[in-house]
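Everything numeric here is computed off the predicted structure, so don't read it as measured data.
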Amino acid sequence: MSTPRTTQSYDAEIAIVRENIRQLMEQAAASSGAANEDLLADRIAAQEARLAALQQQMDGARGADEGGKSRT
């Protein structure tokens, strides 16, 4: 059985993915050529998808930690 992830582990991975996106955006701004732009756009999209998935997982973990109670 796997150990449940902590909010801190999600936060750490989210910070890494956000830094990756920041670096890729800088590379995209500095690059020229359609091939480079397409590659960087694909890499940025992949990182943004990973970020969204992590945030969704973390939200689900928070909900489980709260015993399924909704926040209102």
Note to self: side-chain contact (heavy atoms from CB on, under 4.5 Å) for L54 and M58? Distances and angles first, verdict last.
What the structure shows: CA-CA 6 Å; L54 284 167; M58 187 168 69; over 6 Å; no
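Just one of R50, Q8, R18 meets the side chain to side chain donor-acceptor pair (under 3.5 Å) condition when paired with E13; it is R50.
Here the CG-CD distance, from L51 to Q56, works out to 11.5 Å after rounding to the nearest 0.5 Å. Note that the CD atom of Q27 and the CD1 atom of I44 stand 8.5 Å from one another [nearest 0.5 Å]. The line from CD of Q47 to CD1 of I21 is 6.0 Å long, rounded to the nearest 0.5 Å. Rounded to the nearest 0.5 angstrom, L40 CG and Q23 CD are separated by 12.0 Å.
When all heavy atoms of S31 and E37 are compared, the pair lying nearest together is OG-CG, 4.1 Å.
No continuous path of ILVMFWY side-chain contacts below 4.5 Å connects I16 to M25, so the two sit in separate hydrophobic clusters.
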